[in-house]
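As the structure lists them, so they are numbered: ligands from 1, and atoms in each ligand from 1. These numbers come from the heavy atoms of this one structure, side chains and all, not from hydrogens, waters or symmetry mates.
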Amino acid sequence: MPAVAAAEVPLPPATGAWREGDPPGRRRWYDAEKPLPLESGGELPGVRLAFETWGTLAADRSNAVLVLHALTGDSHAAGPAGPGHPSPGWWDALIGPGRALDTDRWFVVAPNVLGGCQGSTGPASSRPGGGRPWGGAFPFLTPRDQVAAEAGLADALGIERWALVVGGSMGGMRAVEWAVSYPARTGRLLLLATTAAASAEQIAWADIQVRAIRTDPHWQGGDYHDTGRGPHAGLGLARRLAHVTYRSEPELQVRFGRLPQGTEDPWSGGRYQVQSYLDHHAAKLVRRFDAASYVVLTEAMNAHDVGRGRGGARGALRRVTAPTLVAGVDSDRLYPPAQQTELAALIPGADRLRVVESPYGHDGFLIETDQVAALVGELLS
Ligand SMILES: CC(=O)SCCNC(=O)CCNC(=O)[C@H](O)C(C)(C)COP(=O)(O)OP(=O)(O)OC[C@H]1O[C@@H](n2cnc3c(N)ncnc32)[C@H](O)[C@@H]1OP(=O)(O)O
Ligand SMILES: N[C@@H](CCO)C(=O)O
């Protein structure tokens, strides 16, 4: 089957409305027909998910793969940088002709998460009816809500069962929710650097990040979207803290040590290299990400507990029928491998924990693409 550009992929009739023509070329939108009932009560009207696809959906729709991004990722999982995409796809090394997710064979779908800010409905979106942005009134979401929205997208695409659902970190939270909420629709499962439930420490790091945003004077209760300003300083602080947790102590030490940044003097107002590095990542995120989305998604991650109302993690994970691989990164201090050991032990179709060897910490699931490709290959073979 030849690879075709996603813009040419014939899509089946949708139950929701489709919107074509985003300048980057590939992004499409799914608009839900009905409001989404929320786990916390109430419902979210006007749900839209942005998504991108690669490859061709087989006539029997058996070759669809769902790729779920992490906290600040988006639907641009593959493909080059370009207008609307300042960076190449975050898993470009894995998705494409001849790659682990070979788009000559697989139809790969990557949605932007509900609550996000890269085309899907989130706090920066207008309320239905063309009103002001949701802002602080955007409802509390959980990963189950986000997965329920993704199930609507799957319905609209005519995909009854994914051949594979794969995700890392926050994407792994949604992937495991898929396998528990919709076992018959999850053919295979690859969980990377993720957990059955957000831990006390993960909630603690997240809390500091959310407070950094909410205490920024430009937060305005989350209703800043049409003020021309935003809690950029708070978001930058949140990213600095988060980024340290995404990497490992030895990596930072080997890479930066105590070196000053260029000719700057840390004893008189200048920065160490590592400070400059964090400044860079903070500024980069502030340019591309909405602070209120960051809060909504972070709180959704805090709410992640696959066992809630299902007899705990053991009771929930027993429902998974998919052949499963669970992998952790050996240097991950944010999602330590003990969390993936638990997942592997409790999912019936999983065997021993796989370990991605990396000096880079949690971000290893994004960086060590050769090792992740080998896991994908093993699971799909
Ligand atoms: C799907 C998802 O999960 S999220 C989508 C992808 N993730 C992100 O975009 C999150 C932000 N980025 C990251 O987390 C990481 O950069 C990764 C995981 C994508 C890639 O990691 P690495 O390749 O190891 O990149 P690293 O962390 O070294 O950062 C490199 C950047 O730091 C900059 N940098 C390095 N040292 C310094 C310094 N002393 N001062 C300032 N900047 C510095 C580099 O110039 C480079 O800039 P650029 O990214 O604008 O080109
Ligand atoms: N660097 C990743 C890590 C979160 O898992 C992100 O920004 O989404």
Side-chain angles (χ1 to χ4, degrees), residues 52 66-79 81 85-95 108 110-113 115-118 143 166-175 191-195 198 202 205-206 209 235-236 238-248 250-264 266 270-290 293-294 297-298 300-302 304 328-329 331-336 339-340 356 358-370 372:
E52 295 180 48
L66 181 64
V67 172
L68 297 172
H69 67 74
L71 174 61
T72 70
D74 54 30
S75 64
H76 197 54
H85 298 301
S87 306
W90 51 269
W91 253 2
D92 189 54
L94 285 168
I95 303 167
V108 178
N112 181 215
V113 69
C117 55
Q118 317 278 4
V166 52
S169 193
M170 187 186 86
M173 293 177 172
R174 303 208 300 299
L191 302 176
L192 300 163
T194 194
T195 182
Q202 286 162 342
W205 289 130
Q209 295 169 46
L235 179 60
R239 184 59 160 186
R240 284 178 179 83
L241 188 141
H243 196 81
V244 176
T245 69
Y246 297 156
R247 313 298 287 217
S248 76
E251 183 215 355
L252 295 179
Q253 183 59 25
V254 167
R255 201 166 161 184
F256 303 112
R258 300 187 43 77
L259 292 173
Q261 178 67 18
T263 55
E264 295 182 34
R271 298 171 300 173
Y272 293 98
Q273 266 188 23
V274 70
Q275 292 174 289
S276 166
Y277 172 70
L278 294 180
D279 286 347
H280 176 81
H281 278 292
K284 235 179 134 173
L285 189 76
V286 167
R287 280 197 297 275
R288 72 178 178 87
F289 213 83
D290 176 50
S293 260
Y294 195 95
L297 299 182
T298 300
M301 290 165 72
N302 285 348
H304 174 62
V329 182
S331 57
D332 189 341
R333 53 180 162 184
L334 184 60
Y335 288 73
Q339 294 185 330
Q340 297 93 52
V356 171
S358 174
Y360 298 116
H362 182 60
D363 269 347
F365 83 92
L366 293 167
I367 297 170
E368 306 291 355
T369 46
D370 286 350
V372 175

Tell me, which protein residue and heavy-atom name are nearest atom 6 (C) of ligand 1, and how many Å apart are they?
-> W90 CB, 3.9 Å

Measuring from the heavy atoms of L285, does anything fall under 4.0 Å of ligand 2?
-> no

Judged by atom type as modelled, is there a donor-acceptor pair below 3.5 Å linking the side chain of Q202 to the main-chain atoms of L334?
-> yes

How does H243 reach ligand 2, if at all, at less than 4.0 Å between non-hydrogen atoms: by side chain, backbone, both, or neither?
-> neither

T245-H362 side chain donor-acceptor pair, cut-off 3.5 Å = no

What protein heavy atom sits nearest atom 12 (N) of ligand 1, and how far away is it?
-> H281 CE1, 3.8 Å

A student comparing H280, H362, K284, R288 should find that the heavy atom closest to atom 8 (C) of ligand 1 comes from R288

Shortest non-hydrogen contact from V329 to Q340?
-> N-OE1, 4.3 Å

So is R255 close enough to ligand 1, meaning a heavy atom under 4.0 angstrom away?
-> yes

For ligand 1, is H76 a contact, meaning one of its heavy atoms is under 4.0 Å away?
-> no

So is H362 in contact with ligand 2, going by heavy-atom distances below 4.0 Å?
-> yes

Element-labelled atoms of ligand 1 that are located less than 4.0 Å from some non-hydrogen atom of G73 | 1 (C), 2 (C), 4 (S), 5 (C)

Would you mind reporting whether V244 and R333 have side-chain heavy atoms less than 4.5 Å apart?
-> yes

So do the side chains of Q339 and T194 get within less than 4.5 Å of each other, counting heavy atoms only?
-> no

Have a look at W91, Y272, Y277 and point out the one with the heavy atom closest to atom 36 (N) of ligand 1.
-> Y277

Side chains of Y277 and L252 in contact at under 4.5 Å (non-hydrogen atoms) = yes

Looking only at protein heavy atoms, which one is nearest to atom 39 (N) of ligand 1, and how far off is it?
-> Q261 OE1, 2.9 Å

Is there a protein heavy atom less than 4.0 Å away from atom 2 (C) of ligand 1?
-> yes

Please state which part of A70 comes within less than 4.0 Å of ligand 2, counting heavy atoms only: side chain, backbone, both or neither.
-> both

Close-contact set for ligand 2 against R239 heavy atoms, below 4.0 Å = 7 (O)

Any Lys/Arg nitrogen of R240 or D279 sitting under 4.0 Å from an Asp/Glu carboxylate oxygen of the other?
-> yes

What protein heavy atom sits nearest atom 5 (O) of ligand 2, and how far away is it?
-> S169 OG, 2.7 Å

Residue, atom name and distance, where the atom is the protein heavy atom closest to atom 7 (N) of ligand 1 = L366 CD1, 4.0 Å

Atom 8 (O) of ligand 2: nearest protein contact (heavy atom, Å) = T72 N, 3.0 Å

What atoms of ligand 2 come closer than 4.0 angstrom to any heavy atom of L71?
-> 8 (O)

Between D74 and H69, does any side-chain donor sit less than 3.5 Å from a side-chain acceptor?
-> no

Checking side chain to side chain contact (heavy atoms under 4.5 Å, CB included) for the pair V286/R239: CA distance, chi angles, key distance, verdict?
-> CA-CA 9 Å; V286 167; R239 184 59 160 186; over 6 Å; no

Which residue holds the protein heavy atom closest to atom 1 (N) of ligand 2, what is that atom called, and what is the gap in Å?
-> D363 OD1, 2.9 Å

Of the protein's non-hydrogen atoms, which lies at the shortest distance from atom 20 (C) of ligand 1, and what is that distance?
-> I367 CG1, 4.2 Å

Centroid separation F256 to Y272 less than 6.0 Å | no

Any idea which heavy atoms bring L71 and T298 closest together, and the distance?
-> CD1-OG1, 4.1 Å

What atoms in ligand 2 come closer than 4.0 Å to a heavy atom of L366?
-> 1 (N), 2 (C)

Would you say P266 and P260 make side-chain contact, with heavy atoms under 4.5 Å?
-> yes

Exercise check, heavy-atom protein proximity under 4.0 Å to atom 23 (O) of ligand 1 = no

Considering only heavy atoms, which of R247, M170, E251, R239 lies nearest to atom 25 (O) of ligand 1?
-> R247

State whether a side-chain donor-acceptor pair under 3.5 Å links R288 with T72.
-> yes

Around atom CZ of F289, are there more than 12 heavy atoms of other residues, nucleotides or ligands at under 6.0 Å?
-> yes

Taking only non-hydrogen atoms of Q273 and a 4.0 Å limit, the atoms of ligand 1 in range are 39 (N)

Among non-hydrogen protein atoms, atom 14 (O) of ligand 1 lies closest to D363 OD2, 3.0 Å

Is there a donor-acceptor pair under 3.5 Å between the side chain of S248 and the backbone N or O of E251?
-> yes

Return yes when Y246 approaches ligand 1 closer than 4.0 angstrom through a heavy atom, no otherwise.
-> no

Pair Q209, Y294: side-chain N/O donor-acceptor within cut-off below 3.5 Å = yes

Which heavy atom of the protein is the closest neighbour of atom 40 (N) of ligand 1, given with residue, atom name and distance?
-> S276 OG, 2.6 Å

Give the numbers and elements of all ligand 1 atoms closer than 4.0 Å to a heavy atom of A70.
-> 1 (C), 2 (C), 3 (O)

What part of L285, side chain, backbone, both or neither, has a heavy atom within less than 4.0 angstrom of ligand 1?
-> neither

Hey, are the side chains of V166 and L68 touching, using non-hydrogen atoms and a 4.5 Å cut-off?
-> no

Hey, does Y246 come in under 3.5 Å of ligand 2, counting only N/O atoms on both sides?
-> no

